[in-house]
Amino acid sequence: MIGENPALIPLLILTLLLCIGLFFFIRASVKDRTEEITLIANVTEEELLPQLQTYFDNRAYQVTALESQTQKITFEGTVQPSWFLAIFLSFLATLGLLCGNLVISTVWSDFPPILWAIVFLAPGAGLFYWKGAYRTEQVELQVQSLEPSTEVAQSLIAVRAHRDELAELQKALQSLLCNEAELS
């Protein structure tokens, strides 16, 4: 019991904190990470729009809304969950539950052996991720021509999407973007 070995108290506290952290890590795997950025491209709006349309078509997005007054285009596509992440989260949950049970069984000498069966709940972490990560994502895009301050025509691109999609878009448009591409 705890009275026999005082080092078990900090071990129990650390294990509980790690289990809480694991719970929030698993929960965060399906969190919405939508962000908005503004980019400046060194091409006209007329040249840029077909390239953006092709880019999003290649990424399996489809146009769902066109607002002519605000010149906003909304694309929609389905995000596929990652097998690797589902398996990894299940593995982490298994390790966390095993370690938690080991510490609790060390601290609590009358630990019922049936509580070891809780480890079989670990694949639920992968299932939770799988169901939460499979969702429809939207990309809102607004392209406007800028007043020519130099000889080069420029366009302003305002994009609202998942942060990973924004990073991919910036990579794809890297040759078209100004050096100070990200405004916000």
Side-chain angles (χ1 to χ4, degrees), residues 11-39 49 51-67 70-105 107 111-143 157-174 177 181-184:
L11 179 64
L12 179 63
I13 292 170
L14 285 175
T15 303
L16 289 174
L17 289 174
L18 287 171
C19 287
I20 291 168
L22 177 61
F23 170 77
F24 283 106
F25 180 75
I26 292 169
R27 200 177 85 178
S29 68
V30 295
K31 182 181 175 192
D32 182 30
R33 288 176 169 73
T34 302
E35 295 179 0
E36 190 170 335
I37 62 168
T38 306
L39 307 166
L49 282 173
Q51 292 178 6
L52 289 170
Q53 177 69 42
T54 303
Y55 169 80
F56 285 112
D57 285 344
N58 291 341
R59 300 215 18 111
Y61 281 90
Q62 297 172 347
V63 176
T64 58
L66 263 161
E67 296 177 24
T70 59
Q71 297 177 331
K72 185 189 283 186
I73 305 169
T74 303
F75 294 92
E76 206 168 85
T78 304
V79 175
Q80 297 293 325
S82 163
W83 278 103
F84 171 77
L85 193 52
I87 292 168
F88 181 65
L89 289 173
S90 295
F91 174 72
L92 286 179
T94 302
L95 281 179
L97 290 172
L98 281 172
C99 291
N101 276 346
L102 183 62
V103 170
I104 292 171
S105 68
V107 171
F111 184 73
I114 192 71
L115 289 181
W116 283 97
I118 200 167
V119 173
F120 291 112
L121 296 176
L127 186 62
F128 170 77
Y129 161 75
W130 194 263
K131 286 186 176 187
Y134 187 83
R135 62 183 177 273
T136 302
E137 289 280 336
Q138 284 191 341
V139 175
E140 295 176 359
L141 178 72
Q142 192 171 8
V143 179
I157 311 165
V159 188
R160 178 176 162 74
H162 189 277
R163 69 178 178 191
D164 295 338
E165 190 61 50
L166 293 174
E168 289 298 318
L169 178 63
Q170 284 179 304
K171 278 189 220 173
L173 297 178
Q174 192 170 20
L177 298 178
E182 193 171 328
L183 297 175
S184 61

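Every heavy atom of this structure was used, including side-chain atoms; hydrogens, water molecules and symmetry mates were not.
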Visitor: Of D57, L173, V139, I73, which is the lone residue that meets side chain to side chain contact (heavy atoms under 4.5 Å, CB included) with L52?
Guide: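 Between L52 and the candidates, side chain to side chain contact (heavy atoms under 4.5 Å, CB included) is satisfied uniquely by L173.
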
Visitor: Could you measure the distance from the CG atom of L18 to the CD1 atom of I13? Nearest 0.5 Å is fine.
Guide: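 Between atom CG of L18 and atom CD1 of I13 there are 12.0 Å.
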
Visitor: Show your reasoning for whether salt bridge (charged side-chain N to carboxylate O under 4.0 Å, His left out) applies to R163 and E165.
Guide: CA-CA 5 Å; R163 69 178 178 191; E165 190 61 50; over 6 Å; no

Visitor: Between L141 and V143, does the side-chain contact (heavy atoms from CB on, under 4.5 Å) criterion hold? Intermediate values first, please.
Guide: CA-CA 7 Å; L141 178 72; V143 179; 4.2 Å; yes

Visitor: For the residue pair I26 and A125, what are the closest heavy atoms and their distance?
Guide: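 Heavy atoms only, the tightest pair is CD1-CB, 3.7 Å.
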
Visitor: Using a cut-off of 6.0 Å, state whether more than 12 heavy atoms not belonging to L66 lie near its atom CG.
Guide: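 It does: L66 CG has more than 12 such atoms within range.
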
Visitor: After noting the C-alpha distance and the side-chain angles of N101 and V119, does the key distance pass the side-chain contact (heavy atoms from CB on, under 4.5 Å) rule?
Guide: CA-CA 9 Å; N101 276 346; V119 173; 3.7 Å; yes

Visitor: If you take all heavy atoms of R135 and V30, which pair is closest and at what distance?
Guide: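 In terms of heavy atoms, the two residues are closest at NH1-O, 4.1 Å.
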
Visitor: Rounded to the nearest 0.5 Å, what separation is found between the CG atom of L169 and the CD atom of Q174?
Guide: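 Rounded to the nearest 0.5 Å, the CG-CD separation comes out at 11.5 Å.
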
Visitor: Taking only residues two or more places apart in sequence or in another chain, which ones pass ring-ring contact (aromatic ring centres under 6.0 Å, His included) with F120?
Guide: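 For F120 there are no ring-ring contact (aromatic ring centres under 6.0 Å, His included) partners, ignoring immediate neighbours.
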
Visitor: Is it true that atom CD of Q62 has more than 12 heavy atoms of other residues, nucleotides or ligands lying nearer than 6.0 Å?
Guide: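 It does not: Q62 CD has 12 such atoms or fewer within range.
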
Visitor: Report yes or no: do E76 and Q138 form a side-chain donor-acceptor pair below 3.5 Å?
Guide: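 Short answer, yes.
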
Visitor: Among residues at least two apart in sequence or on other chains, which ones pass ring-ring contact (aromatic ring centres under 6.0 Å, His included) with Y61?
Guide: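 Once residues adjacent in sequence are excluded, the partners of Y61 under the ring-ring contact (aromatic ring centres under 6.0 Å, His included) criterion are F56.
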
Visitor: Provide the closest heavy-atom pair for R27 versus F128 in the form atom of the first, atom of the second, distance.
Guide: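 Heavy atoms only, the tightest pair is CA-CE2, 3.8 Å.
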
Visitor: Give the C-alpha distance, both sets of side-chain angles, the deciding distance and a yes or no for side-chain contact (heavy atoms from CB on, under 4.5 Å) between Y134 and T78.
Guide: CA-CA 7 Å; Y134 187 83; T78 304; 3.7 Å; yes

Visitor: Answer whether the closest heavy-atom distance between the side chains of I20 and F23 falls below 4.5 Å.
Guide: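 In short, these two side chains do not touch, never coming nearer than 4.5 Å.
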
Visitor: Atom CG of L16 and atom CG of L11: how far apart are they, to the nearest 0.5 Å?
Guide: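 CG of L11 is found 9.5 Å from CG of L16.
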
Visitor: Assess whether side-chain contact (heavy atoms from CB on, under 4.5 Å) is satisfied between F88 and S82, documenting all intermediate values.
Guide: CA-CA 10 Å; F88 181 65; S82 163; over 6 Å; no

Visitor: Does the side chain of Q53 reach to within under 4.5 Å of the side chain of V63, using non-hydrogen atoms?
Guide: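 Result yes, sub-4.5 Å side-chain heavy-atom pair found.
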
Visitor: How far apart are the closest heavy atoms of L166 and E35, and which atoms are they?
Guide: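 Heavy atoms of L166 and E35 come nearest at CD1-O, 3.6 Å.
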
Visitor: Counting distance only, does the side-chain N/O of R33 pair as donor-acceptor with the main-chain N or O of K31 below 3.5 Å?
Guide: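 Indeed, once roles are kept as given, a pair shorter than 3.5 Å links the two residues.
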
Visitor: Quick one: closest heavy-atom pair of I118 and L97, and the distance?
Guide: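 In this case the closest contact between I118 and L97 is O-CD1, 3.5 Å.
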
Visitor: Would you say S90 and Y129 make side-chain contact, with heavy atoms under 4.5 Å?
Guide: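 With C-beta onward as the side chain, the pair stays apart.
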
Visitor: Hey, could you give me the SG/CD1 distance between C99 and I104, rounded to the nearest 0.5 Å?
Guide: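 Reported to 0.5 Å precision, the distance equals 11.0 Å.
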
Visitor: Give me the atom names and distance for the closest heavy-atom approach of A122 to T94.
Guide: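 Looking at all heavy atoms of both residues, the closest pair is CB-OG1, 3.1 Å.
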
Visitor: Do F25 and L89 have side-chain heavy atoms sitting under 4.5 Å apart?
Guide: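 The answer is yes; the side chains approach within 4.5 Å.
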
Visitor: Let me confirm one number: the OG1-CD distance from T34 to E140, rounded to the nearest 0.5 Å.
Guide: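 Answer rounded to 0.5 Å: 9.0 Å.
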
Visitor: Rounded to the nearest 0.5 Å, what separation is found between the CZ atom of R59 and the CZ atom of F75?
Guide: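 Between atom CZ of R59 and atom CZ of F75 there are 12.5 Å.
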
